[in-house]
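Please read the structure below before turning to the comments.
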Amino acid sequence: MNLFRLLQARASAGKPVRVALIGAGKFGSMFLAQVPHTPGLEVPIIVDIDRDRAREACRTVGWSSERIAATVFTDDGARAIAGGAMDVVVEATGNPAVGIRHARAAIAAGKHIVMVNVEADVLAGPLLAEEARKAGVVYSLAYGDQPALTAEMVDWARATGFRVVAAGKGTKYLPAYHDVTPDGVWQHYGLTAGEAQSAGMNPQMFNSFLDGTKSAIEMAAIANACALDVPADGLLFPPCGVDDLPHIMRPRSRGGVLDRAGLVEVVSSLERDGRPVFRDLRWGVYVVLEAPNDYAADCFRQYGLKTDASGRYAAMYKPYHLIGLELNISVLSAALRGEPTGQASGFRGDVAAVAKRNLRAGEMLDGEGGYTVWGKLVPAAASLKAGALPIGLAHRLKLKHDVAHGAVVHWSDVEFDAGNETVKVRKAMEAAFAAQH
């Protein structure tokens with residue numbers, strides 16, 4: 001509760017927190033919208049493959065012409081990271097390979113890195129976080145995105161003496177969504193293709209939100225950051241409103257749906273027949289906690305918490321997340337307190353590529369939200385043992401073998417370049433953490 005005070009002190013001393021933003025898309029634009037209203041925070045350099053688009057993003061969010069003129073716009077991320085007296089680098093490209101490259105460059109340059117790019121974090125975050133710790137810089141998940149918000153709630157629960165039973169987020173989900181391709185995505189958002197195109201919405205990106213891939217990636221990030229486990233056979237996506245969280249999100253032995261306590265899970269805002277869930281958590285995050293004793297359980301009741309029938313399980317939740325509008329919390333936490341807002345501490349969850357249909361040898365995989373594969377959350381130990389291909393690398397790889405609909409794609413099923421830098425980083429992480437499992 002002291003970030004604003006610390007920032008005011010920096011501003012008064014004439015030493016603003018300086019940020020290099022890489023990626024001026026939606027998340028980056030939302031962050032930029034807050035910068036003029038945060039004295040003591042500056043973004044003197046913005047990196048984007050389309051510099052004109054980045055300038056237009058600044059105009060769209062209300063930057064003055066003077067502020068834009070004083071900002072450097074470039075498409076060279078490496079040069080931007082290496083030069084200048086930056087405190088923090090924000091990586092918001094969404095490209096796993098690019099994100100890993102930028103993160104390592106920031107760490108090597110002694111700069112804190114805030115990883116909006118959760119795809120890169122799940123592909124190699126445990127290794128990157130360890131490299132950052134050794135270098136004495138902060139590697140952090142991005143506040144405003146659901147993983148960091150969930151990690152904050154998990155930390156609150158544990159720091160106050162509660163056992164975390166389940167943690168995660170809400171989303172819109174039906175089982176059929178796993179096979180949806182970009183051609184059919186807009187009907188599930190209540191849009192026509194023309195409406196989506198005029199709004200600049202990317203069908204493959206939005207399809208990754210729908211088909212379960214993004215949920216799997218975010219839950220893996222939470223598991224790795226919070227030392228929580230992942231379901232043995234993928235996310236269940238149970239329909240559940242906020243009032244039912246303590247009842248549904250508890251172990252089966254206690255009447256819930258979980259294999260055991262201490263898991264990440266996503267709750268659906270739709271019943272399986274498509275009806276909306278009452279008081280859904282589609283845009284929010286939650287943690288289910290267990291009272292450690294009868295006295296605490298009595299306090300749950302006395303102070304009006306919704307609990308299960310036993311009175312021992314309760315939930316806290318945040319109904320919304322504000323994406324890039326909240327990113328300042330990560331930036332300032334790293335620069336002013338030297339602390340991440342969530343950071344991988346181990347490799348517990350992974351996201352494997354799964355075939356959306358019967359795939360044939362010779363076909364090319366097209367990654368998250370595409371026509372060929374979706375991402376399934378799996379325990380890291382099981383992923384390593386099976387040699388599963390991570391969804392973050394299932395881009396432009398040619399299949400060597402047929403893969404049946406619903407089956408996991410393995411490293412042995414694809415042609416890949418062992419000398420590729422992203423592949424090498426991933427393989428190094430797998431080797432580093434294999435001994436833990």
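Only this structure's heavy atoms are used, side chains among them; waters, hydrogens and symmetry mates stay out. As the structure is a prediction and not an experimental result, all values here were calculated from the model.
Salt bridge annotation for K169-E218: present, with a cationic side-chain nitrogen under 4.0 angstrom from a carboxylate oxygen. Salt-bridge formation is not detected for the pair K400/D413: no Lys NZ or Arg NE/NH1/NH2 atom is positioned less than 4.0 Å from an Asp or Glu carboxylate oxygen. One finds a salt bridge joining R426 and D350 here, because a Lys/Arg side-chain nitrogen approaches an Asp/Glu carboxylate oxygen to under 4.0 Å. Look at D76 and R79 and you find a salt bridge, because one of the NZ, NE, NH1 or NH2 atoms lies within 4.0 Å of a carboxylate O, short of that distance. The pair E131-K134 fails the salt-bridge criterion, with no side-chain N (NZ, NE, NH1 or NH2) lying under 4.0 Å from an Asp/Glu carboxylate O. Between R59 and E56 there is a salt bridge, since a side-chain N of the basic residue sits under 4.0 Å from a carboxylate O of the acidic one.
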Checklist entry - Step by step, would you call T93 with E91 a side-chain hydrogen bond (donor to acceptor under 3.5 Å, both in side chains)? => result CA-CA 6 Å; T93 65; E91 215 299 333; 2.9 Å; yes
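Heavy atoms of other residues, nucleotides or ligands lying less than 6.0 angstrom from CH2 of W411 number more than 12. Environment of CD in Q197: sparse, with no more than 12 heavy atoms of neighbouring residues, nucleotides or ligands closer than 6.0 Å. Surrounding CZ of F4 are at most 12 heavy atoms belonging to other residues, nucleotides or ligands under 6.0 Å away. The environment of CZ in R396 is sparse: at most 12 heavy-atom neighbours from other residues, nucleotides or ligands sit within 6.0 Å. More than 12 heavy atoms of other residues, nucleotides or ligands lie within 6.0 Å of CG in N420, so this atom counts as buried by the packing criterion.
Note that CG of L332 and CG of L3 are 5.5 Å apart. Values are rounded to the nearest 0.5 Å. The structure places CG of L21 at 5.0 Å from CG of L32, a figure rounded to the nearest 0.5 Å. Atom CG in L263 sits 8.0 Å away from atom CG in L228 (nearest 0.5 Å).
The shortest side-chain heavy-atom distance between V288 and R250 does not fall under the 4.5 Å cut-off. With contacts defined as side-chain heavy-atom distances shorter than 4.5 Å, the pair C58/I46 qualifies. By the 4.5 Å heavy-atom criterion applied to side chains, T171 and F237 are counted as neighbours. Using a 4.5 Å heavy-atom threshold, the side chains of V138 and E339 count as separate. Counting heavy atoms from C-beta on, the side chains of M86 and I45 come closer than 4.5 Å.
Of the possible polar contacts, none joining the E326 side chain to the L149 backbone as a donor-acceptor pair under 3.5 Å is found.
The aromatic rings of F209 and F206 sit perpendicular to each other, their planes meeting at more than 60°, with 30° as the lower class boundary. Taking the six-membered ring for Trp and thresholds of 30 and 60 degrees, W156 and F162 have ring planes inclined between 30 and 60 degrees apart.
A donor-acceptor contact closer than 3.5 angstrom is absent between the side chains of H321 and Y143.
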